[in-house]
Amino acid sequence: TGSDILMPSDQELLDAFLFIGTYYPKVYPVRDWIENETNKLTCYSLNKMTLLPDGKQVACRYLDYKKGSFKSEVDYSSNANIIHKYVEDNQCLSCDFYQRCSMRCFVQADWAKRSELEECLYKTFFRTFPVSSAQP
């Protein structure tokens with residue numbers, strides 16, 4: 001499927017964010033990550049509802065995915081299960097960078113074939129760019 005080809009690995013995503021942080025530090029949301037001690041969650045699917053042409057009401061995962069495409073069961077009405085899994089797997093609530101992290105697309109993070117790093121890529125990014133390194 002297209003997702004298999006288009007879904008970046010954690011390493012590719014980290015490399016892109018580090019490149020942007022180094023050479024284009026004013027590009028959002030990287031600018032916020034570098035400059036702010038606190039950032040907002042970037043996922044807007046928490047309160048999102050989409051009505052498809054056939055009348056089906058869905059949250060974010062609304063395509064016809066094959067069973068096993070995601071680590072978590074697909075629930076078209078809510079993303080709560082993938083959000084909970086992401087927060088739990090990455091130990092977000094106890095992370096030193098919890099307030100700075102705007103997290104990632106939870107659907108992308110739940111993709112079964114995604115190549116993952118041992119450690120959350122955002123931890124590596126935030127250690128590389130401490131808030132005190134922000135440019136005026």
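Just so it is clear, the values below take in all heavy atoms, side chains as well, and ignore hydrogens, waters and symmetry mates. All of these numbers come straight from a predicted model, not from anything done at the bench.
Using a 4.5 Å heavy-atom threshold, the side chains of Phe19 and Asp15 count as separate. With a 4.5 Å cut-off on side-chain heavy atoms, Asp110 and Tyr86 do not count as touching. By the 4.5 Å heavy-atom criterion applied to side chains, Ile34 and Phe125 are counted as neighbours. A heavy-atom distance below 4.5 Å is not found between the side chains of Phe129 and Val30. The shortest distance between side-chain heavy atoms of Val107 and Phe70 falls below 4.5 Å.
Asp10 and Leu117 get closest at one heavy-atom pair: OD2-N, 3.3 Å. When every heavy atom of Asp54 is checked against every heavy atom of Lys56, the shortest pair comes out as OD1-N, 2.9 Å. Contact record, Ala109 with Arg104: CB-CD, 3.5 Å, taken as the closest heavy-atom pair. What you find for Glu12 and Pro8 is that their closest heavy atoms are OE1-CA, 3.3 Å. Scanning all heavy atoms of the two residues, the minimum distance from Glu37 to Arg100 falls at O-CG, 3.3 Å.
In this structure Asn36 satisfies the side-chain contact (heavy atoms from CB on, under 4.5 Å) test together with Asp32, Asn39, sequence neighbours excluded.
Surrounding CD of Gln57 are at most 12 heavy atoms belonging to other residues, nucleotides or ligands under 6.0 Å away. Around CD of Glu119, the count of heavy atoms belonging to other residues, nucleotides or ligands within 6.0 Å exceeds 12.
Cation-pi geometry between Lys123 and Phe97 is not met at under 6.0 angstrom from the ring centre and within 45 degrees of the axis.
Atom OG in Ser9 sits 15.5 Å away from atom NZ in Lys113 (nearest 0.5 Å).
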Checklist entry - Between Ile82 and Phe106, does a side chain to side chain contact (heavy atoms under 4.5 Å, CB included) hold up when you go through it step by step? => result CA-CA 6 Å; Ile82 61 173; Phe106 299 114; 3.9 Å; yes
Next on the checklist: Please determine whether side chain to side chain contact (heavy atoms under 4.5 Å, CB included) holds for the pair Gln11 and Glu116, giving the CA-CA distance in whole Å, both sets of side-chain angles, and the decisive distance to 0.1 Å.
Outcome noted: CA-CA 7 Å; Gln11 186 63 58; Glu116 300 177 54; over 6 Å; no
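Ring planes of Phe17 and Tyr122: tilted class, angle from 30 to 60°.
Asp75 pairs with exactly one of Ser72, Ser77, Ser78 by the side chain to side chain donor-acceptor pair (under 3.5 Å) rule, that one being Ser77.
Without hydrogens or angle criteria, Arg31 side chain to Pro25 main chain gives no donor-acceptor distance under 3.5 Å.
Using a 4.0 Å cut-off between a side-chain N of Lys or Arg and a carboxylate O of Asp or Glu, Glu35 and Lys26 do not qualify as a salt bridge.
In this structure, a donor-acceptor pair under 3.5 Å is present between the side chains of Ser102 and Trp33.
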